[in-house]
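Model, not experiment: these values are computed from the prediction.
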Amino acid sequence: MFSFNGFAQNQEVLDIKAYLEQADEETIYPSEKQIEMLKNVIPNEVFQPAPKINDRVFWNEVAETESGKMYLKKALYYLAEAPEVPISDEIYRRANKEGNRAIYKPRYYDTMIRLEHFVLAECLENNGRFVPQIKTYLRAIMDMKSWLHPNHDDRNNSVLEGKRVSIDLGARRFGSVLTVAEILLEDQLSQELRGEIKAQLQYRITDNYLQSCKVPDKNNHWIDGKSNWNAVCTSGAVFTSIANAIDGDERIGAIGSAINSMKHYISGFGADGYCSEGVGYWRYGFGHYLYLAEILFDYTDGEINLFEGHDPDKLNRVADFPENFHIQNEKFAPFADGSSIVKNNEGNFAYVLAAKQYGARKPIENILDQAVEQLIVWKNPEDYTTRNTTNSGTFEVPNHSYFNDFGMVISRGKQNVPFSVAVKAGHNKENHNHSDVGTYILVLGEDLISGDIGAPSYRAGSFSPTNKARSSWGHPVPRINNTLQSNGRQFEGKITETKFTASEDKVVMDISTAYELPVLESLSRIMVNDKSGEGTITIQDDFITTKPVLFGTAITTFSKYKIVDANTIILTGKTQKIKVEIKSRGGKVVINPEPVPVEHLREGKGAVRIGIDFEEPLASGSITMKYTPLYN
């Protein structure tokens, strides 16, 4: 990889496993022993992510490429529009109070995106026509009292009011945008403006990041987290720090903290590579982990290699997660806050780097949604070739995928209209957790015909455990004595039996420990996917209690439903139809449909919970739901 730092490779690659063994248990900031190890591999100069604007050989070559021309075209499109500046204090406070992202998010992100395009377009063109807008946007960002998403500030708007500084998903990107502008444009900006940029980056990002790493606090809570926040915020804080901080000890501290922090982030994945946040957050979080790995590899001429990290085998499995998690027809299980589809207009840098570094399947095209990603690709375009669809052949997904660490199975039908199911045991303290032990989703053709309804949109109250789309009430799982599943790591499911054949898949799981019910002796969920003919999928719940209880389970769906009789329901999706046959042992069941009282759901509108409940209390019994496609 071409490096702009002139750092001679005269030391061995940092042994990250040995490095982590020297960590201070109390803080993320590197210990003295770790700092000594880092001094051997980190250069004395600041990081230069790409040649400066005055390197016309580099930038003129990029300007002649197809991606360079497209980037300039988009920047010119933005230039023709009236300038937009960040949100007002009034909108910030209102968004914080209401939790309503729609009233600020477009302008908030447009500010970053336009400035990024103007900066790189000026580097491509070098005739000054983007400079006025660049200065307008730089000034607007630096005048913002808070760079946070308003809903990430506290109830008193402490960051907006200047009582503290904090880094979140938005602030780290504002920092990266200003860093790129200051580094690349040089004399296009006055010394006074560049000095102010550097001072704000130091205060808002570097100082704040390093302080939180040294003294654990609730401010930057993501620093030792297992969710996407850790990788996203850390990568941005480190990029700004190594490219902006003059003090070499600060650059060492930032890099050392990041390596320690990423151990926590990677621990959030299953040993099998499973990402409980879903494929969308895999793209976002793991994409930024890979971005961090890329800039550190570049900065140190390969002496810090987070692509291998302390567990190369696990990272390989994490890189393959989307491929293994895919159900069929570009559909994914919308468990927790995950999405059922990967949007084609969002960045796919995670896929790009996973293909380059781990041999994962190449994307059809590179979709880069941040300037820092674009710079990486422009520096080494030969490393980022895309898949040739005319020669790649048909991609065959396996008959099943089994993530045995988290207890999650995808059983795929291979009919002309494939009928498949994803079912999860899991636990109730996963990242972006829903109370959903035992949840499942049925996919017929391209329709998510029944099962998990996914996440509520991020608004006020969406993260409340009592939100009916987040609690087990809004999931296709049992309710016992009007008791829902509890939240915490100990409330989990266990897969106790599996059978995978070409004609039939079977999964048995114990989900009893997801409930705080002393009377509950056993509760098992059995999924059988009979792949013969047009396919049949059954979900069976068996229970035993020490005394009679009210027991019921549920069908949750966005499909239109018709109750044919006491034991039959017809579900009609966008293009497919399915019959649900209900059988019970121990007593008679009744069908109780209720609309899900959550207005904003990511997967759509009009979700319904169709309760399947025993009429009388029982000490043992079972309910079986048999799903069969209908084609007449």
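The shortest heavy-atom contact between Y289 and L306 is OH-O, 2.6 Å. Of all non-hydrogen atoms in P629 and E534, the two that sit nearest each other are CG-O, 3.6 Å. S420 and G413 get closest at one heavy-atom pair: OG-N, 2.9 Å.
Side-chain atoms of Y209 do not come within 3.5 Å of backbone N or O of C233 as any donor-acceptor pair. In terms of modelled atom types and a separation under 3.5 Å, the side chain of N431 and the main chain of K226 share a donor-acceptor contact. Remark: the backbone N or O of A171 is paired with a side-chain donor or acceptor of D168 at under 3.5 angstrom. The closest donor-acceptor contact from the side chain of E277 to the backbone of N228 lies under 3.5 Å. Remark: the backbone N or O of V397 is not paired with any side-chain donor or acceptor of R412 at under 3.5 angstrom.
Aromatic ring centres of F406 and F403: separated by at least 6.0 Å. H152 and W229 have their aromatic ring centers within a separation under 6.0 angstrom. Between F491 and H427, the distance from one ring center to the other does not fall under 6.0 angstrom. With ring centers used as reference points, H475 lies 6.0 Å or more from F335.
Proximity of V318 to C275: side-chain heavy atoms (C-beta onward) are nowhere separated by under 4.5 Å. Counting heavy atoms from C-beta on, the side chains of T557 and V608 come closer than 4.5 Å.
For the residue pair D272 and Y402, no side-chain donor N or O sits within less than 3.5 Å of a side-chain acceptor on the partner. Between the side chains of N324 and S401, no donor N or O sits under 3.5 Å from an acceptor N or O.
With salt bridges taken as basic N to acidic carboxylate O contacts below 4.0 Å, one links D153 and R164.
Looking at residues two or more places apart in sequence or on another chain, you find no ring-ring contact (aromatic ring centres under 6.0 Å, His included) involving Y561. A search for ring-ring contact (aromatic ring centres under 6.0 Å, His included) contacts involving Y281 returns H432, not counting sequence neighbours.
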- [ ] Apply the test side chain to side chain contact (heavy atoms under 4.5 Å, CB included) to residues E497 and V507: give CA-CA distance (whole Å), side-chain angles for both, the deciding distance (0.1 Å), then the verdict.
- [x] CA-CA 6 Å; E497 179 187 343; V507 176; over 6 Å; no
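With values rounded to the nearest 0.5 angstrom, R479 atom CZ is found 9.0 Å from S472 atom OG.
Of the residues T27, N220, D224, the one that meets the side-chain hydrogen bond (donor to acceptor under 3.5 Å, both in side chains) test with S212 is N220.
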